[in-house]
Amino acid sequence: MQQHDIAWVRTDMTLAQPAPNSEVGILAWMRKNLFATRADMLLTVVAVIIAAWALPQILSWLFFNAVWVGTDRTACLTIEQGGQLPAGWSAACWPFVSNRFGYFMFGRYPLEERWRVILAGAIFVGLLVPLLIPRAPLKRANAILFFGIYPFIAFVLLVGGVFGLPYVETPLWGGLMVTLVLAYVGIVVSLPLGIVLALGRRSRMPTIKLLSVIFIETVRGVPLVTVLFMAAFMLPLFVPPGTTFDKLLRALIGVALFSSAYMAEVVRGGLQAMPKGQYEGADSLGLSYWQKTGLIIMPQALKLVIPGIVNSFIGLFKDTTLVLVISMFDLLGIVKQGISGDANWATPQTARTGYVFAAVIFWIFCFGMSRYSQYVERRLETGHGR
Amino acid sequence: MSQEVVLDVAPTKASPFYDPKLRSIVVQVAIVVLLVFGLWWISDNTIENLRRSNIPTGFEFLNSRSGFEIPDRLIDYSSESSYGRALLVGIVNTVRVAVLGIIVATIVGFVVGVGRLSSNWMIRKLATIYILVFRNVPLLLVILFWYQGVLALLPNVRSSLALPFGSYLNNRGLYLPRLIWSQGAWLIIAGLMVAIGLSWYVARKAHARQMATGLQLPVFWVSVALLIGFPLLGCVLAGFPMTVEFPQKGTFLLTGGLDVKPEFLSLLLALSFYTAAFIAEIVRAGIQGVPKGQAEAYSSLGIRPGQGLRLVIIPQALRIIIPLLTSQYLNLTKNSSLAVAVGYADLYAVGGTILNQTGRAIEVVVLFMAVYLGLSILISLVMNWFNVKLALRQR
């Protein structure tokens, strides 16, 4: 045994050392994420300059320099324009929004009847929120109430004419309320109609397949304004002479038909993604076509395309603004009307203020929908995907 | 004796009620009958309605005098021209805004989409904010914001903002210098044609050579030199056959030059910036859809990041991107019909005016459908051709 040949062997572990300074802390983060290469440095500098130039301007326009109280246009005018604000002032004119807030929400809906809209909205929220929370009980009853019963309640409340409620004609409706009515009806009609069209397109019966393809491709090939235009000007020609056709109803038909064609394509994507074995499995169990579709195929196919479905809901919600071109007043339409049609608030800043307000409201709805769909997607993830 | 059971009982015939073939025929016949009846009912009502309101049918109205002006146009037109000519002006305007919009949206969308994947934190955040804002706001709102919130607030003609190269910006639009071509300008075009042909030839030769020997030729720079050189040569040979017309500033009016109307500008900006947000997400998804192993593989072969991106990642990402991009181009073209909200004379706006004057709802809608469907099919065909060219060639 030659003891001296044996190298020194360590018997205890070395103590953990702190990470080197170049790897931790804010400086390391900055070096990695902001100044990694020379090109990165240049980009960072440019981006910081843009942000430093834009952010204070945006904040001061929105908040710091904005006018918050006032009763008419003079509150938002500079001295040279006939007001009191210093020359060169340019910021939001919020009194324009706060003074016309009710108008933006309800349109010309009679003041003393607005509680009906608020009540309908409250029931809507009350039914929708438990539907969206996965742990809330009684899902089936809740869904039936929301999709089956609620439309009738809302119809009675909003239109009136029965149970002692005065009749409110739809040309008086406007603002956010019309936007939500259009979006709700569009969504509730387009999903089932889209499923039917998608099944029709994959049907083995040639006539049904042909009709579905013609409908879907024609509607998808033309702009929504054309469909709305058709609904507004041609539908009245299609019904027997003397029949009057409510304008809002015409817009609703146009929006629902249009979005159902897009929904059909989304659903078809899900149907095509289903493995063939699922169809064969259902067939071998002796299930009928509708049992197979309703119990095996659709639940899985729809789950696959939830992001697509929500995307088309968001698209539909944004597309409701297009009813402006057939002179109906949804939220955007009524804001536009307030901007160009109201001499009482005609200031250079009115247009920007109004559109920023409308944009924020649309943004909250659309962003909320997309976030919720991401949440549902994560929840339904069963790990079967790749 | 073996027990032989002879089954001579015929299989029980199922009731025809359960025969799938018969059922399918019955259902189809029923649907066709319903459809025919519905169409008959609709057309009967329509004919009756049109008869009552004394509206004639047919397309001969396209030849009668229109009587309205269209200020923003690319082809000759006046109020003495026919309705058909007016519609043609509208179609040209639709195509103009759609083509320019597609180009701008693609460029902005690719830049933002790549920015979203940048390793630089600031760039990543800016791109994310851009996408978050534009994807969740209606397009019509963006158009109106540009039109009423930005362009309408620019100074008037007298105090126009002077931009570089003798351009002016005011609330009547953007005024740019205009090139006026004189005789001999065809030489420049001819030079360009020759240059395109030569570049194509060089690229082919270089590719063949690389395949054979592995040597690369600087195809890009050669093409740039050709594309600049030949038109320049044509220009010199023809003795510079163009003059530049700068906009002249008067007290109430800017004359001369190329004026871009605010209606067009706001529509173009809104369409392209809105669509760019969607294209950016598609580009991001496409790049992320390429397996990570591809990047690791080219790094291990010693290919540098920029080259790897160009030669390995992007060709594969494009296979994911192109079909989605096609649908965005179609959306942009269809969305250009929102021009009517700001009064830009596209097909939809002109058609609406004609409908108001003549009451020919059915003919106008048929024309809309035909033109928009035609444009959609055209874009689909071009992009499908491109897609097939890029598709993976499997053995």
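As the structure is a computational prediction, the values presented were derived from the model and not from experiment. Chain letters run A, B, ... following the sequence lines, proteins first, then strands; residues in each count from 1.
In this structure, no portion of A:Val360 lies under 4.5 Å from any heavy atom of chain B. The parts of B:Leu144 that come within reach of chain A are both its backbone and its side chain, each placing non-hydrogen atoms under 4.5 angstrom from that chain. Using a 4.5 Å cut-off between heavy atoms, A:Ala39 makes no contact with chain B at all. Only the side chain of B:Tyr348 comes within contact range of chain A, with heavy atoms under 4.5 Å apart. The part of B:Val364 that comes within reach of chain A is its side chain, from C-beta onward, which places non-hydrogen atoms under 4.5 angstrom from that chain. Residue contact with chain A, scored on non-hydrogen atoms closer than 4.5 Å, is absent for B:Val142. For chain B, the nearby parts of A:Thr218 are the backbone and the side chain; heavy atoms of each come within less than 4.5 Å. Contacts between A:Pro206 and chain B at a heavy-atom distance below 4.5 Å involve backbone atoms as well as side-chain atoms. Only the side chain of A:Ile339 comes within less than 4.5 Å of a heavy atom in chain B; its backbone stays farther off.
Between A:Ala351 and B:Gln148, the shortest heavy-atom contact is CB-O, 3.5 Å. Closest of all the heavy-atom pairs between B:Asn331 and A:Tyr262 is OD1-OH, 4.5 Å. What you find for B:Leu132 and A:Trp363 is that their closest heavy atoms are O-NE1, 3.0 Å. For A:Ala47 against B:Ile123, the heavy-atom pair with the smallest separation is CB-CD1, 4.0 Å. Considering all non-hydrogen atoms of both residues, B:Lys334 and A:Pro223 come closest at O-CB, 3.4 Å. Of all heavy-atom pairs spanning A:Phe238 and B:Trp41, the tightest one is O-CZ3, 3.8 Å.
Summarising the geometry, atom CG belonging to A:Leu224 is positioned 8.0 Å from atom OG belonging to B:Ser337; distances are rounded to the nearest 0.5 Å. Here the CH2 atom belonging to B:Trp121 is positioned 10.5 Å from the CE atom belonging to A:Met30, to the nearest 0.5 angstrom. A:Ser370 OG to B:Arg135 CZ: the interatomic distance, rounded to the nearest 0.5 Å, is 7.5 Å. Here the CZ atom belonging to B:Arg124 is positioned 12.5 Å from the CG atom belonging to A:Leu43, to the nearest 0.5 angstrom. In this structure, A:Leu34 CG and B:Ser119 OG are separated by 9.5 Å, a value rounded to the nearest 0.5 Å. The distance from atom CZ of A:Arg220 to atom CG of B:Leu373, rounded to the nearest 0.5 Å, is 11.5 Å.
Residue-environment remark: CZ (B:Arg23) exceeds the threshold of 12 foreign heavy atoms within 6.0 Å.
The backbone N or O of A:Gly221 sits less than 3.5 Å from a side-chain atom of B:Ser376, completing a donor-acceptor pair.
Contact tally against chain B (heavy-atom pairs below 4.5 Å) for A:Met234, A:Lys32, A:Arg204: the top residue is A:Met234.
In this structure, the side chains of A:Val222 and B:Phe368 stay at 4.5 Å or more apart for every pair of heavy atoms. Residues A:Phe362 and B:Asn136 have side chains not in contact (no heavy-atom distance under 4.5 Å, counting atoms from C-beta outward). By the 4.5 Å heavy-atom criterion applied to side chains, A:Lys318 and B:Val137 are not counted as neighbours. Side-chain contact between B:Leu139 and A:Asp319 is absent, with no heavy atoms from C-beta onward closer than 4.5 Å. Counting heavy atoms from C-beta on, the side chains of A:Thr321 and B:Leu141 never come closer than 4.5 Å.
Checked options A:Val225, A:Leu322, A:Thr320; the residue passing with B:Leu140 is A:Leu322 (criterion: side-chain contact (heavy atoms from CB on, under 4.5 Å)).
Listed in order of number, the residues of residues 29-36 of chain B that approach chain A to under 4.5 Å between heavy atoms are B:Ile31, B:Val32, B:Leu35.
A side-chain donor from one of B:Asn120 and A:Thr44 sits under 3.5 Å from a side-chain acceptor of the other.
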